[in-house]
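A short worksheet on the structure shown next.
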Amino acid sequence: EDAPEYRGGTESFQFLPYQTKRLFYGFRLGQKASQQASWDILAQHGRIKAQQAMTARTQLAVTMLTTSGNYPAANTSAVSSISGVTGKWDVSTTARQDIKRSIDYALDIIQLATLGGISIEDFRLVMSPGCARKMAVSQEIVDYIKGSPDAIEHIRGNLGPQAQYGLPKRLYGVEIVVENAVKVTSRKGATKASSYVLADTTPILLARPGALVAPTDSNTAPRFSTACCFMFEEMTVESKFDADNRVNKGRIVEDYAMTMTAGISGFLFTAAVA
């Protein structure tokens, strides 16, 4: 007899199109100002515009990751609506375990949706500095730290990259990432208004398998990465002297698309802290 034929064993795939968008951040400086300044103001303005470009990238990523419509319905929830959770993270206790219950719930949702395709090492819990500091003074975190041999190192601020926020590098198996990018929303000359790009109330659990930056010649599809930035042109610095108008012109040019590649591998918490 012929060997059995498995005609139904193949998978289906979606090829989602995207378009990159070219952005530029420019400046112009008069010839006399450039020549007579006591420091290199052309280079200084180049650095300023590069910083603006990086902040814009962060804002685009955060806006995408904090839009609940980009996730399946099961992959976003207010913290207090999660089964077993009785309140916000900043008022959690070791008896309530609201932070741990929330993280475990999100991990289970993702693992079920991805058929267990993501290991714990690939997860990141991204939050703002305000959210991190509010979590750090909750009794759930304080009681664990004061009862551990690392208590004195916590006081000294030697617990790793997130020590300044009062949190360990990893929490319940998930690496903590504090997004501390700052944006200025006021115009030049007006009263300065600055804030963190990521709001305190919306921490995000997401998957980031492998390295942060993929090789440019790699044809390997991202493996359950929650979000990707597809970069066509990155941080091109251009400058020229316009002799007719006696001005120096400069700009930073980028061309990329920020995309949600696998919403099922992320979880958006809302109303996480007060």
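Nothing here was measured: the structure is a model prediction, and the numbers come from that model.
Between the side chain of Thr270 and the main chain of Ala78, a donor-acceptor pair closer than 3.5 Å is present. With hydrogens and angles disregarded, a donor-acceptor distance shorter than 3.5 Å links the side chain of Asp40 to the backbone of Leu42. Within the 3.5 Å criterion, the main-chain N or O of Gly173 finds a donor-acceptor partner in the side chain of Arg170.
The line from CZ of Arg133 to CD of Gln164 is 6.5 Å long, rounded to the nearest 0.5 Å. Rounded to the nearest 0.5 angstrom, Thr94 OG1 and Lys100 NZ are separated by 13.0 Å. Annotation: the span from Met258 atom CE to Cys229 atom SG amounts to 4.0 Å, rounded to 0.5 Å.
For the pair Ile264/Tyr71, no side-chain contact is recorded, criterion being any heavy-atom separation below 4.5 Å from C-beta on. Side-chain contact between Ile120 and Leu107 is present, with heavy atoms from C-beta onward closer than 4.5 Å. Contact check for Phe269 versus Leu125: side-chain heavy atoms found under the 4.5 Å cut-off. A 4.5 Å side-chain heavy-atom check between Ile252 and Thr236 finds every atom pair outside the cut-off. For the pair Ile99 and Ile141, the minimum side-chain heavy-atom distance is below 4.5 Å. Using a 4.5 Å cut-off on side-chain heavy atoms (C-beta onward), Asn70 and Met64 make contact. When side chains are defined from C-beta on, Gln97 does not count as touching Ser92, because their heavy atoms never get closer than 4.5 Å.
Hydrophobic clustering, with ILVMFWY side chains joined whenever heavy atoms are under 4.5 angstrom apart, keeps Leu29 apart from Val253. Hydrophobic clustering (side-chain heavy atoms under 4.5 Å, transitive across Ile, Leu, Val, Met, Phe, Trp, Tyr) groups Val174 together with Ile145. Tracing side-chain contacts under 4.5 Å through hydrophobic residues (I, L, V, M, F, W, Y), one reaches Phe224 starting from Leu205; they form part of the same cluster. Cluster annotation: Val62 is not connected to Tyr165 through the hydrophobic network of ILVMFWY side chains, with a link wherever side-chain heavy atoms come within less than 4.5 Å. Linking ILVMFWY side-chain heavy atoms closer than 4.5 Å, directly or via other members, places Ile204 and Ile82 in two distinct hydrophobic clusters.
When only modelled atom types and interatomic distance are considered, Thr93 and Gln139 share no side-chain donor-acceptor pair under 3.5 Å. A donor-acceptor contact closer than 3.5 angstrom links the side chains of Gln59 and Lys183. For Ser138 and Glu140, the side-chain atoms include no donor-acceptor pair closer than 3.5 Å. Side-chain contact check for Thr226 and Ser265: at least one donor-acceptor pair (N or O, by modelled atom type) lies under 3.5 Å.
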Q: Under the side-chain contact (heavy atoms from CB on, under 4.5 Å) rule, what do Asp255 and Leu23 come out as? Steps first, then yes or no, please.
A: CA-CA 6 Å; Asp255 197 337; Leu23 306 170; over 6 Å; no
**Q.** side-chain contact (heavy atoms from CB on, under 4.5 Å) between Ile41 and Trp39, intermediate numbers included
**A.** CA-CA 6 Å; Ile41 60 173; Trp39 74 94; 3.4 Å; yes
Q. What do the steps show when you test Met260 against Leu65 for side-chain contact (heavy atoms from CB on, under 4.5 Å), and what is the final call?
A. CA-CA 8 Å; Met260 197 85 163; Leu65 289 167; 3.9 Å; yes
Q: For Glu254 and Lys21, run salt bridge (charged side-chain N to carboxylate O under 4.0 Å, His left out): C-alpha distance rounded to whole Å, both residues' side-chain angles, the deciding distance at 0.1 Å, then the answer.
A: CA-CA 8 Å; Glu254 296 203 297; Lys21 184 177 181 179; over 6 Å; no
(Q) Would Leu167 and Met127 count as a side-chain contact (heavy atoms from CB on, under 4.5 Å) here? Give the steps. (A) CA-CA 11 Å; Leu167 292 176; Met127 65 187 68; 4.0 Å; yes
Q.
Using salt bridge (charged side-chain N to carboxylate O under 4.0 Å, His left out), reason through Arg208 and Glu121 one step at a time and then give a plain yes or no.
A. CA-CA 9 Å; Arg208 201 218 72 196; Glu121 293 81 10; over 6 Å; no
Q) Which is it for Phe230 and Phe232 under the ring pair (Phe, Tyr, Trp, His ring centres under 6.0 Å) test, yes or no, and what are the steps along the way? A) CA-CA 7 Å; Phe230 293 100; Phe232 180 73; over 10 Å; no
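The two residues Leu171 and Met135 make their nearest non-hydrogen contact at CD2-CE, 3.7 Å. Taking both residues in full, the closest heavy atoms of Asn248 and Ser34 are given as ND2-OG, 3.1 Å, listed atom of the first, atom of the second, then distance. Across Pro168 and Ile176, no two heavy atoms sit closer than the pair O-CG1, 3.9 Å. Contact detail for Phe267 and Ala74: the closest heavy-atom pair is CE1-O, 3.3 Å. Of all non-hydrogen atoms in Ala181 and Thr58, the two that sit nearest each other are CB-CG2, 3.8 Å. The two atoms that bring Pro209 and Ala207 nearest to each other are CD-C, 3.6 Å, heavy atoms only.
With sequence neighbours excluded, the residues satisfying side chain to side chain contact (heavy atoms under 4.5 Å, CB included) with Gln52 are Tyr25, Ile48, Lys49. Checked against ring-ring contact (aromatic ring centres under 6.0 Å, His included), Phe123 has no partners two or more places apart in sequence or in another chain. With sequence neighbours excluded, the residues forming a ring-ring contact (aromatic ring centres under 6.0 Å, His included) with Phe27 are His45, listed by chain and number.
At a threshold of 4.0 Å, the pair Glu179-Arg124 does not count as salt-bridged, since none of the basic side-chain nitrogens sits closer than that to a carboxylate oxygen. Note on Glu238 versus Lys249: no salt bridge recorded, every NZ/NE/NH1/NH2 to OD/OE distance being 4.0 Å or above. Salt-bridge check for Asp242 with Arg246: failed, with every basic side-chain N at 4.0 Å or more from each acidic carboxylate O.
Note on residues 74-91: pairs passing side-chain hydrogen bond (donor to acceptor under 3.5 Å, both in side chains), not counting sequence neighbours, are Thr86-Arg96, Thr86-Asp98, Trp89-Ser102.
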List, one per line, each side-chain donor-acceptor pair under 3.5 Å for residues 110-117, sequence neighbours excluded.
{"from": "Gln111", "atom 1": "NE2", "to": "Ile118", "atom 2": "O", "distance (Å)": "3.0"}
{"from": "Thr114", "atom 1": "OG1", "to": "Ile110", "atom 2": "O", "distance (Å)": "2.8"}

Show me the donor-acceptor pairs, under 3.5 Å and distance only, between side chains in residues 196-203 and residues at least two apart or in other chains.
{"from": "Asp200", "atom 1": "OD1", "to": "Ser128", "atom 2": "OG", "distance (Å)": "2.6"}

